[in-house]
There are 2 protein chains.
Amino acid sequence: MVHRILGSDRDTASLDKALEMGVIDQAISLEEGARQARLVFLCTPLRFYSEIINRIRPYLKPGSIVSDVGSTKEEVCRLLAALPEGIWAIGGHPMAGAETRGVQGADRYLFENAVYALTPLPGVPAPVLDFMVELLQSTGARIRFMEATLHDQLVATVSHIPHLTAVALVALTEGKAENLMMAAGGFRDTTRIASSNPELWEDILFSNREQIVPHLDQLISSLAVIKEALAGGDHDNILRLLHEAKAIRDKIPRVRRGLIPDFCDIICIVPDQPGIIGALGQILGHEGINIVDIEILRVREGDGGTIRLGVPRLEDAEKAVTALQRQGIKAWTR
Amino acid sequence: MVHRILGSDRDTASLDKALEMGVIDQAISLEEGARQARLVFLCTPLRFYSEIINRIRPYLKPGSIVSDVGSTKEEVCRLLAALPEGIWAIGGHPMAGAETRGVQGADRYLFENAVYALTPLPGVPAPVLDFMVELLQSTGARIRFMEATLHDQLVATVSHIPHLTAVALVALTEGKAENLMMAAGGFRDTTRIASSNPELWEDILFSNREQIVPHLDQLISSLAVIKEALAGGDHDNILRLLHEAKAIRDKIPRVRRGLIPDFCDIICIVPDQPGIIGALGQILGHEGINIVDIEILRVREGDGGTIRLGVPRLEDAEKAVTALQRQGIKAWTR
C-alpha cells in the first residue's frame, strides 16, 4: 500500500539517520512534502501543530489525509478542523512507545498489539477510513475508533494521572541521599515515567487539563479514603481495597515478550565469561530445543549471573535442564 | 562461613523443593531447628512472628542470633525484644525481591548490590554484628545499619506509599473494559505492585501505619498543588515540578542488568524461527564478540521480532552490525 515515505524534519542529522536506516525514502521540505503526499502524519510535540498546519495547508492535495500521533485528541481535532475543505482529518494516537527518542528508537514491531486510537473529524468518507485502517493494521496495531473526548478521558486515567503521581512520588523523597539509596529497586520502575521530557509533558498535561483535573480529584479522594482506613485501624476496608485493585490489575492484558505466547521458564546460573549466551544457545540447539525468550535477571561483576530462558513446552524445559546440568550449569525449571 | 542450612516450613512440598534445589541441607522442625542453629532467619509474613518467637524461644542456644527479612522494622524489633537474655536480635530487611514467591523464586544473585538494612537491638556485641555483616556481604548486598524508625520512614516513602498509590490508580479505572484496553502499556508496569498478595500487604501496611499516614498526607497535598497549578494555568509551576522530579529520578542508582556495567546496544530484527537466539550467539561468537546483554523487545507471532543485544565496545557493535547484516539480519546500533 505504501509506495514512498517522505520525511521532513528541522534536524537534518535525524533525516540522514532515517535515510540510512531505510525508515524514509526521501528527505523533503515541509511544503514540498505536503504537495506530494497522499497521507501526512504530524509527529511533533503538540505546541508545533498550529505552525505546521498553517505551513502545509496551502499545499495539500484535495482528497489527501492529515493525521497525527499526539497524546491528546480533543485539542488536536480542533486544530485539524482548520484544514481546507476536501482534506480529510483523522486524529490518531498509537498507545505504544519506548524510553528512546527520535528515529533511533524505531522498531518495526513497536505497534504490535498496541491499541491505536483514531478520532476522525466529521464527514470523512468511509473508503478513506477503510484505507487508513488497512494501512495502520499492517503495523500489527489494534485500531479503535472513538470520540476525541472519550479518548482524552481514557488517557487521563491510564497515562496522565499516573504520570503526575510518579512526579509526586519522586518529590516525596525530597532527593535525600538516604531515600535514593533505598529507592534503587521497585521504586525506580514505578517512577520511570517521571524521567520523561518535561516540555513534552507540559504540552500534554495542559492540552488535557479539562479531563485531568477531575480525575486528579478522584485520585486524591481515593487516597484520603485509604488514609482514613489505615489511621482508623479498618483492616477489612484495606484488605477489600487491596483485593479489588488486584482483581482489576490482574485483568489488564499482558504484553507478550517471548517469541511464542506460552512457554516454560528455566532459571540457570552462568559464569561471567565471554560467549556464555551463545553457549546456552548452542547447548539447547544441540538438543533441538528452541529458546523463545531470554532475560538476564541479575549479575555479579566478575562472577556470574542468573538467566531466565523460555522454551516451548514442559518436556523441553526438563530436557534443557538435564542438558545444561550435564555441562556443569546449575539450572532448574521455575 | 556457613556449614549447614536447616529449613523449617509448614509446607513439606516447599521443603522437598528446597532440598532438591540445594537451597537447604536438611528439613527440620521449628523446635529442633532452633535448638541446633547458631543463626535463625524468620522468613514468614509478619503476623506469624509472635507465634514463631514463642515456639522457638525455649530452645534457642545462648549466644545465637535471631534475625528476619520482614518489610517493617519497628514492630519487628518490639517483638524480637521478647527473646531471652543472651540471644542476639538483629532485625533485617533486604531491599530486593521478585514477583515470584517461595523457594522457586530463589536466585543466587537476588541480593547483589541490593541495600540490606540491619536494625540490631541494643546490646548486641560488636563481634556478633561483624559476623552478621560478613555473612550477609557474601550475598553481594550492601549492608546498612539504621534505626528501626528511620528504616520504617524510608520504606514508607519508597515502597509503602507507592504501593497504595498503585492501588488507588488501579481503582481509578473502575475495572471498565475500555480503560483496561488502553491500560496494557506503561500503566501495567506502573501498577505491577497492585497485583501483590493482599494479605501480606495488609500486614505490612498496618505494621507501618504510623509512618505511612503522615507521608500519605504529604502526597495528597503534593497532588493538590499539582491540581491547582493545572487548573490555574500555571505553566511555570508545572514545568518546574516536572523538571525537579526528573532531576531527582535521574539520580536514583541504576540497577545493572548486563554482564558488564557499560556496553553498546544493537537492535536487530529477527525472523520468528527456531534457534534464532542461538544463531545470533553463533554469528557474534564467530567474530569473537561477547554478548553481555540481551532482551527481546517486541514480537509478532509467526513473523518475527526485535531483539536488543549489548556488546562491550562501540567497535564490537559496528563489527556485529556488519556480521549480522551479512547474514541477512537487519541490524543497527542504538
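Just so you know, these numbers come straight off a predicted model, no measurement behind them.
Proximity to chain B (any heavy atom under 4.5 Å) is restricted, for A:Asp234, to the backbone atoms N, CA, C and O. With a 4.5 Å cut-off on non-hydrogen atoms, A:Ile283 does not touch chain B at all. Only the side chain of A:Ile269 comes within contact range of chain B, with heavy atoms under 4.5 Å apart. Residue A:Gln218 touches chain B through both its backbone and its side chain, counting heavy-atom pairs closer than 4.5 Å. With a 4.5 angstrom heavy-atom cutoff, A:Trp332 touches chain B only via side-chain atoms. Contacts of A:Glu174 with chain B are made by both backbone and side-chain atoms, with heavy-atom separations under 4.5 Å. Of the atoms belonging to B:Val213, heavy atoms from both backbone and side chain fall under 4.5 Å from chain A. Within the 4.5 angstrom heavy-atom criterion, only side-chain atoms of A:Leu150, from C-beta onward, approach chain B. Only the backbone of A:Thr139 comes within less than 4.5 Å of a heavy atom of chain B; no side-chain atom from C-beta onward does. A:Ala229 touches chain B through its backbone: at least one of N, CA, C or O sits under 4.5 Å from a heavy atom, while the side chain does not.
Residue B:Met182 holds its CE atom at 7.0 Å from NE2 of A:His93, rounded to the nearest 0.5 Å. Atom CG in B:Asp293 sits 4.5 Å away from atom CD1 in A:Ile296 (nearest 0.5 Å). The structure places CG of A:Leu280 at 10.0 Å from CD1 of B:Ile291, a figure rounded to the nearest 0.5 Å. Rounding to the nearest 0.5 Å gives a distance of 7.5 Å between OG1 of A:Thr165 and CG of B:Leu219.
A:Ser195 approaches B:Arg249 most closely through the heavy-atom pair OG-CG, 2.9 Å. Heavy-atom minimum distance, A:Leu242 versus B:Val167: CD2-CG2, 3.8 Å. Considering all non-hydrogen atoms of both residues, A:Leu154 and B:Glu178 come closest at CD2-CG, 3.8 Å.
Checked by atom type, the side-chain pair A:Glu199/B:His243 shows a donor-acceptor distance below 3.5 Å.
The most heavy-atom pairs under 4.5 Å with chain A, out of B:Val115, B:Thr173, B:Val225, B:Leu169, come from B:Leu169. Residue with the most contacts toward chain A among B:Ala231, B:Gly22, B:Ala114, B:Ser159: B:Ala231 (heavy-atom pairs, distance under 4.5 Å).
Proximity of a side-chain donor or acceptor of B:Lys330 to a complementary backbone N or O of A:Met21 within less than 3.5 Å is detected. Side-chain atoms of A:Arg209 come within 3.5 Å of backbone N or O of B:Leu230 as a donor-acceptor pair.
Atom NZ of A:Lys251 has more than 12 heavy atoms from other residues, nucleotides or ligands within 6.0 Å.
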